[in-house]
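Only one structure is covered here, and it is reproduced in the block below.
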Amino acid sequence: MRRRDFLRRTTAGAVGLGLAPGVLAWSQEDRMGFRGWTWVHGDRDYDADEWRRRFALIRDAGITGVLVGGGDLDLVAGVAREEGLAFHRWVWMLNRNGDAWAQENHPEWFTVSRNGESTLEAPPYVGYYRWVCPTRAPVRAYLTGIAEEIAAHPDVEAVHLDYIRHADVILPRGLWSTYGLVQDREYPEFDFCYCDACREAFAESDGRDPLEIPDPPADEAWRRFRWDSVTGLVWQMADAVHARGTLLSAAVFPTPTLARRLVRQAWDEWPLDMVFPMLYHSFYEEDIPWIGECVAEGRAALAASAPAADVLSAGLYLPALDPAALADAVAVARDAGASGVSFFQMEALTDAHLARLRPLLT
């Protein structure tokens, strides 16, 4: 089944989105300048005054938006808006490690590897890798409801999706030694999803059971099915979020090529208003110029894909960047055509980092 047919069947018309005027105006305005963003862990034990102090520091350095996960949404979003910062609510989606309700009531929702193990019972790599299956209609409805509820909050300008993919079938090369692995091919224990819903849906569209394919990793139709499964969920969430007059953004893997290969994520085909590729060069054993190469590839892919945003902010990993290197990385991303940069994460931004950023962002 081709992508457009798949999306038409699985999103009930979400392709024909009608964006609210406020959404379109915000996106156009955002394209006008190079912007700074930072991811923020909102579950810190800070009162309003401490949040205000921290947000004022980053705003004075030229950062104009925050992507905040966890914590008191009313408190943190309210302070951010008072400080003049754009506020995206950062939320894990397909990784439901902390979702006790889903784990207790719907164990069948969780993805299954090619060797038959559920991520609920045998999470790969780390204990928090518990993923639900985007092929399942109840999963889509449940996650879309979460996104829609966030979108209804008056201080939320965008719902920011994270872990909107499958578990890594292959980790970034720089992480292999961390887990004592050599992933020179797609091994069964890391290859998802082979749950009953995925097998039945693929058999309906293709006529084959993926477990009976001689070489599943090499099968183009089976790869496309899993890309489209995630994409269909994003279209459904976009429909709900945009209907609220709210934007949709996402943290994604570095390039469309890497994202498809490593985590079954075709993000250049998504109806996003902003996209934040995580260009964590040290994870891939690359140097800073690689950041610019990824920006260029992402922009080219977005330009060729009508549904996707052309607002791409380069995600930078602060533990791998001292202040001078951070300035170089920002310049490389900007020169390659990024619309902005985002830093992981706020508390790792030292005074020296902020001093280097100020002339680049203000």
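The chain is numbered in sequence order, starting from 1.
The OG1 atom of Thr255 sits 8.5 Å away from atom CG of Leu262, with the distance rounded to the nearest 0.5 Å. Here Leu361 contributes atom CG and Leu354 contributes atom CG; the two are 9.5 Å apart, rounded to the nearest 0.5 Å. For the atom pair CD (Gln265) and CD1 (Ile164), the distance works out to 8.0 Å, reported to the nearest 0.5 Å. For the atom pair CG of Asp239 and CD of Glu148, the computed distance is 9.0 Å after rounding to the nearest 0.5 Å. Here the CG atom belonging to Leu57 is positioned 10.0 Å from the CD1 atom belonging to Ile63, to the nearest 0.5 angstrom. Expressed to the nearest 0.5 Å, how far CD of Glu269 lies from CG of Asp228 amounts to 6.5 Å.
Using modelled atom types, no side-chain atom of Arg52 and backbone atom of Val79 make a donor-acceptor pair closer than 3.5 Å. Panel note: side chain Arg165, backbone Val263; no donor-acceptor pair is recorded below 3.5 Å. Judged purely by atom type and a 3.5 angstrom limit, Arg35 has no side-chain atom pairing as donor or acceptor with the backbone of Ser339. Here the side chain of Ser305 pairs no donor or acceptor atom with the backbone of Leu302 at under 3.5 angstrom. Side chain of Arg264 to backbone of Val230: no donor-acceptor contact under 3.5 angstrom is found. Checking side-chain atoms of Tyr125 against main-chain N and O of Ala167 turns up no donor-acceptor pair under 3.5 Å. No side-chain donor-acceptor contact under 3.5 Å links Ser342 to the backbone of Gly315. Panel note: side chain His153, backbone Asp155; a donor-acceptor pair is recorded below 3.5 Å. Judged by distance alone, with hydrogens and angles left aside, the side-chain atoms of Arg140 form a donor-acceptor pair with the main-chain N or O of Pro134 at under 3.5 Å. A donor-acceptor pair is defined here as one N or O able to donate and one able to accept, closer than 3.5 Å; such a pair exists between the side chain of Arg89 and the backbone of Gly70.
Put simply, the side chain of Arg260 does not reach to within 4.5 Å of the side chain of Phe253, judged on heavy atoms. Side-chain contact check for Val159 versus His88: every heavy-atom pair is 4.5 Å or farther apart. Residues His353 and Thr350 are in side-chain contact: their nearest non-hydrogen atoms beyond the backbone lie under 4.5 Å apart. Between Phe87 and Val40 the shortest side-chain heavy-atom distance does not fall below 4.5 Å. Residues Glu297 and Pro256 form a side-chain contact, since some pair of their non-hydrogen atoms from C-beta on lies under 4.5 Å apart. The shortest side-chain heavy-atom distance between Leu248 and Trp270 does not fall under the 4.5 Å cut-off. Counting heavy atoms from C-beta on, the side chains of Met346 and Val68 never come closer than 4.5 Å. Between Ser313 and Met274, some side-chain heavy-atom pair lies under the 4.5 Å cut-off.
Between Val295 and Ala314, the closest heavy-atom pair is CG2-CB, 4.1 Å. Of all heavy-atom pairs between Tyr317 and Ser282, the closest is CD2-OG, 3.9 Å. The two residues Thr135 and Cys198 come nearest to each other via the heavy atoms OG1-SG, 3.2 Å. Pairing each heavy atom of Val341 with each of Ala333, the nearest pair is CG1-CB, 3.9 Å. Residues Arg356 and Pro323 share a closest heavy-atom pair of CG-O, 3.6 Å. Here the shortest heavy-atom pairing between Glu157 and Thr246 reads O-CG2, 3.4 Å.
Residues Leu75 and Ile58 are members of one and the same hydrophobic cluster, defined by side-chain heavy-atom contacts under 4.5 angstrom among Ile, Leu, Val, Met, Phe, Trp and Tyr. No chain of hydrophobic side-chain contacts below 4.5 Å, direct or via other Ile, Leu, Val, Met, Phe, Trp or Tyr residues, connects Trp227 to Leu233. Residues Leu258 and Leu279 share a hydrophobic cluster, clusters being chains of Ile/Leu/Val/Met/Phe/Trp/Tyr side chains in contact below 4.5 Å. Under a hydrophobic-cluster definition in which Ile, Leu, Val, Met, Phe, Trp and Tyr are linked whenever side-chain heavy atoms come within less than 4.5 Å, directly or via other members, Val91 and Val252 are assigned to the same cluster. Under the 4.5 Å side-chain heavy-atom criterion for Ile, Leu, Val, Met, Phe, Trp and Tyr, Met278 and Leu349 are members of the same hydrophobic cluster.
Salt bridge present: Arg53 and Glu50 bring a charged side-chain N and a carboxylate O closer than 4.0 Å. Using a 4.0 Å cut-off between charged side-chain N and carboxylate O, Asp215 and Arg185 make no salt bridge. Taking the charged nitrogens against the carboxylate oxygens, Glu83 and Arg54 have no contact shorter than 4.0 Å, which rules out a salt bridge.
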For Phe190 and Tyr129: C-alpha separation, side-chain torsions, deciding distance, then whether side chain to side chain contact (heavy atoms under 4.5 Å, CB included) applies. CA-CA 11 Å; Phe190 305 119; Tyr129 254 38; over 6 Å; no
Before giving the answer on side chain to side chain contact (heavy atoms under 4.5 Å, CB included), spell out for Asp219 and Arg208 the whole-Å C-alpha distance, their side-chain angles and the decisive distance to 0.1 Å. CA-CA 11 Å; Asp219 192 89; Arg208 297 177 294 164; 2.8 Å; yes
Run the side chain to side chain contact (heavy atoms under 4.5 Å, CB included) check on Leu143 and Val132 step by step: do they pass? CA-CA 10 Å; Leu143 297 181; Val132 291; 4.3 Å; yes
Hey, mind stepping through Arg136 and Cys195 against side chain to side chain contact (heavy atoms under 4.5 Å, CB included) and telling me if it holds? CA-CA 10 Å; Arg136 295 176 178 268; Cys195 73; 3.7 Å; yes
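The side chain to side chain donor-acceptor pair (under 3.5 Å) test with His160 is passed by exactly one of Trp39, Trp90, Trp37: Trp39.
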Listing, residues 99-114 side-chain donor-acceptor contacts under 3.5 Å, not counting sequence neighbours, or none:
unit_1, atom_1, unit_2, atom_2, d
Asp99, OD1, Trp101, N, 3.3
Asp99, OD1, Ala102, N, 3.0
Asp99, OD1, Tyr142, OH, 3.2
Asp99, OD2, Arg96, NE, 3.1
Asp99, OD2, Arg96, NH2, 3.0
Asp99, OD2, Tyr142, OH, 2.7
Gln103, NE2, Arg96, O, 3.1
Gln103, NE2, Asn97, O, 2.5
Asn105, ND2, Trp101, O, 2.9
His106, ND1, Glu108, OE2, 2.8
Thr111, OG1, Thr119, OG1, 3.3
Thr111, OG1, Trp131, O, 3.4
Ser113, OG, Asn115, N, 3.4
Ser113, OG, Asn115, OD1, 2.2
Ser113, OG, Glu117, N, 3.2
Ser113, OG, Glu117, O, 3.4
Arg114, NE, Asp191, OD2, 2.7
Arg114, NH2, Glu186, O, 2.8
Arg114, NH2, Asp191, OD2, 3.3

All N/O donor-acceptor pairs, side-chain side in residues 169-178, below 3.5 Å, sequence neighbours left out:
unit_1, atom_1, unit_2, atom_2, d
Trp176, NE1, Leu171, O, 2.9

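The aromatic rings of Trp92 and Tyr128 are tilted relative to each other, their planes meeting at an angle between 30° and 60°. The aromatic rings of Phe344 and Tyr280 lie tilted to each other, with the angle between the two planes from 30° to 60°.
Taking a 6.0 Å sphere around CZ of Arg59, one finds it holds more than 12 heavy atoms contributed by other residues, nucleotides or ligands. Within a 6.0 Å radius of CD in Glu149, other residues, nucleotides and ligands contribute 12 heavy atoms or fewer.
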